[in-house]
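Keep in mind that the numbers below use all heavy atoms, side chains included, and drop hydrogens, waters and symmetry copies. Here the structure is a predicted model, which means the values were calculated and not measured. Numbering of residues begins at 1 and proceeds along the displayed sequence. Each ligand, and each atom within it, is numbered from 1 in the order the structure gives.
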Amino acid sequence: MKFNRAFAFLAMLFSLSTSVSGAEYKALIIDGQNNHGAWPKTTFMMKSYLEETGLFSVDIARTKYTWQGEDLLKKYPLEGFESTPKPKAEPDPDFKPDFSQYDVVVSNFGYGAAPWPQETQEAFIKFVKGGGGLVIVHAADNSFGDWKEYNQMIGIGGWGGRNEKSGPYIYLDDEGKLVRDDSPGAGGHHGSQHEFSVITRDKDHPITKGMPMEWMHSKDELYAQLRGPGQNMQVLATAFASPKHGGSGRHEPMLMVIKFGEGRVFHTPLGHADYSQECIGFKVSLQRGTEWATTGKVTQKVPDNFPTEDKVSVEKYEK
Ligand code: ZN
């Protein structure tokens, strides 16, 4: 009798502590070097988007030598962490996040980021290969052009020396068929920033299920002519890069999923600036994509204020 009551009390305490701690999954946003000066702010935007789901607690791991974004670093510092801005991206020999402590890693690195220490690269490969989730946002697909495994994880990327040796250009033709185009040329292009339609190509995937077949994204760079190995990759949504805005005239991949070993990768080329990431479409696809990368499922509902076929939907981030 006494034992039973004690047991019941302990069981109650246990359920209390798990519900109080709340978030089920641990996410890590990595950043520090990105030609997009908005990065110190967009890291905190993404952190708050993920925490808002109630599914994730979110930590940030940053290189001590930072590059670009100096002004916003003052406004959005990482508490308790000393950043040393450098005029050129410089390797940080101490950047060694313990990926194994996390369920999912979100990369907010960008064009020109210096290579990580070998040990960190190996730990990262091991993490994703072993079943860890990975989320690649916008310029994170510019990083590390000559790192083979990284290119396998992201499927396709741009800039960073990418060319025909990196793999084919991958896009959809007018019939919606995936094209792997081996023609020579540099990877990565965008025209002028504008609002554009995102077309859902797989309405049954957990990430896109319940999203409109077409929705208006707020002002952003429309990444085009990305290329890479593109193995074990599925394109969930595209956008037409209109020549009117200096685009490629192709249906370019916008939401992608890639399998790397046991790991799931969600890749979105959306999210150039803070105003691009204020789009509810960006926010919701990040939230759903991160959950999918973590568990293979999505339990969140697509909200009523999701953008429609002809109307953008934006929520100002004021912090
Ligand atoms: Zn950009």
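A donor and an acceptor atom, one from each side chain of N108 and H138, are nowhere located under 3.5 Å apart. Side-chain atoms of Y223 and H272 include no donor-acceptor pair closer than 3.5 Å.
Listed by chain and number, H36 NE2, H138 NE2, E221 OE1, H272 ND1 are the protein N/O/S atoms closer than 2.8 Å to the Zn ion (ligand 1), with waters left out.
When atom types are taken as modelled, the side chain of D181 and the backbone of Y169 share no donor-acceptor pair closer than 3.5 angstrom. When atom types are taken as modelled, the side chain of R227 and the backbone of G167 share a donor-acceptor pair closer than 3.5 angstrom. At least one donor-acceptor pair under 3.5 Å links the side chain of S276 to the backbone N or O of K219.
Tested against E278 for a salt bridge (charged side-chain N to carboxylate O under 4.0 Å, His left out), the candidates K316, K319, K283 yield a single pass: K316.
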